[in-house]
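Presented below is the structure to which this report refers.
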Amino acid sequence: MRTNGARLRTLAGAVLMAAVTGACAGQGDGREPANATASAPGTGTATRKGSGSGTGTGTRPEAPPTAPAPHFDEEIGLPDGRRVGMSYVDGRGLVEQHRAAGAGAGGWSAPHVVYATTTDRCRSLTLRVFGGRVAVIADWGDYCYDGEPPMESVAAVGTADLARWDTNLTRSFDGWTKVAPVGDSGDLLFTESSTERLTRLRWSPTEGFAQVEEIPR
C-alpha cells in the first residue's frame with residue numbers, strides 16, 4: 001500500500017509540473033509573432049490629390065505689361081478709324097506714327113522720320129485730313145521763339161497705308177499757313193498769303209508736289 005501511495009504522489013507531481021510549464025509558455029515574452037507586419041498611421045505610399053508633378057506654384061502667371069501710349073505734339077483721326085500722330089524730336093526732325101482702326105495703345109507703328117533736321121523746332125504743327133490723306137505743315141528755325149520767320153518750312157502728305165510720305169522743303173520762308181482740297185480733283189493746295197503776294201504749292205496724287213508759285217497782289 002505504501003508503494004502505491006508513493007507512486008500516486010509522484011504521478012500527481014509530474015502532472016502539476018506539466019500544467020505550470022504550459023501556462024508559462026502561453027504567456028510568452030510579450031512580443032508579437034515574427035511574421036507580423038506593423039504599419040504606422042499616415043505612412044506608406046499614399047499620394048495627395050492635386051499635387052500634380054510638384055512643380056506648380058498655385059498662382060496665375062502675370063500678364064505682360066501694356067505698352068504706354070506715345071506722346072505726340074499733334075494727333076488726328078481718319079474717317080476709317082485709323083489715327084496718325086506727329087512729333088518734333090530734337091536732333092531728328094519730324095517723326096510720325098500711325099495705328100489701325102480699333103488698335104489699342106500698343107498698336108502704334110514704329111517711329112518713322114518724315115523729315116530729318118537738327119534745326120530747332122518752331123511752335124506750330126498742323127495736321128489735316130482729306131479723305132484717306134493726311135496733310136502736314138511743320139517749321140523749324142533757330143530764332144522762331146524770338147518771333148523770327150522759320151528757316152525750314154515743310155509741307156507733307158501721307159497716302160494709302162501711311163507708309164509713304166511726300167515732302168517739300170522751302171527755305172527762308174514765312175511758312176505755310178493753310179492747306180485745302182482743290183475741288184474734287186484729289187489735289188491739295190498749300191498757301192501762305194501776305195499783303196504783297198500769295199504763295200502756293202500744289203500736290204497731286206499722281207505727280208506729287210509741283211513748284212512753288214508766287215503771285216503778286
Between [atom1] of [X] and [atom2] of [Y], what distance do you get to the nearest 0.5 Å?
{"X": "Trp176", "Y": "Thr199", "atom1": "CH2", "atom2": "OG1", "value": "6.0 Å"}
{"X": "Gln97", "Y": "Met86", "atom1": "CD", "atom2": "CE", "value": "10.5 Å"}
{"X": "Glu75", "Y": "Arg83", "atom1": "CD", "atom2": "CZ", "value": "4.5 Å"}
{"X": "Asp120", "Y": "Cys144", "atom1": "CG", "atom2": "SG", "value": "8.5 Å"}
{"X": "Glu96", "Y": "Leu162", "atom1": "CD", "atom2": "CG", "value": "6.0 Å"}
{"X": "Lys178", "Y": "Arg200", "atom1": "NZ", "atom2": "CZ", "value": "13.0 Å"}

[Y] versus [X], side-chain donor and acceptor atoms under 3.5 Å:
{"X": "Ser87", "Y": "Asp73", "value": "no"}
{"X": "Asp166", "Y": "Trp203", "value": "yes"}
{"X": "Glu152", "Y": "Thr117", "value": "yes"}

*May I ask you to check whether over 12 heavy atoms, not counting those of Tyr145, lie within 6.0 Å of atom OH?*
yes
Might you point out which heavy atoms bring [X] and [Y] nearest each other, and give the distance in Å?
{"X": "Gly77", "Y": "Val129", "answer": "O-CG2, 3.6 Å"}
{"X": "Ala155", "Y": "Leu201", "answer": "CB-CD2, 4.0 Å"}
{"X": "Phe173", "Y": "Ser153", "answer": "O-OG, 3.7 Å"}

Are [X] and [Y] connected, step by step, through hydrophobic side chains (Ile, Leu, Val, Met, Phe, Trp, Tyr) whose heavy atoms are closer than 4.5 Å?
{"X": "Leu189", "Y": "Val212", "result": "no"}
{"X": "Tyr88", "Y": "Val95", "result": "no"}
{"X": "Val84", "Y": "Phe130", "result": "no"}
{"X": "Val182", "Y": "Val134", "result": "no"}
{"X": "Ile76", "Y": "Ile137", "result": "no"}

*asked:* Centroid separation under 6.0 Å, is that true for the rings of Trp140 and Tyr115?
replied: yes
*Does any N or O in the side chain of Asp161 come within less than 3.5 Å of the main-chain N or O of Ala163, such that one atom is a donor and the other an acceptor?*
yes
*Side chain Thr167, main chain Ala156, donor-acceptor under 3.5 Å*: no
*Considering only heavy atoms from C-beta outward, does the side chain of His112 approach that of Trp165 to under 4.5 Å?*
yes
*Name all residues meeting the side chain to side chain contact (heavy atoms under 4.5 Å, CB included) criterion together with Ser204; count only those two or more places apart in sequence or in a different chain, and write none if there are none.*
Asp187, Thr206, Glu207
*With a 4.0 Å cut-off, would you call Glu196 and Arg217 a salt bridge?*
no
*Go through the steps to decide whether Asp90 and Arg92 satisfy the test salt bridge (Lys or Arg N to Asp or Glu O under 4.0 Å), and finish with yes or no.*
CA-CA 6 Å; Asp90 291 343; Arg92 297 188 67 188; over 6 Å; no
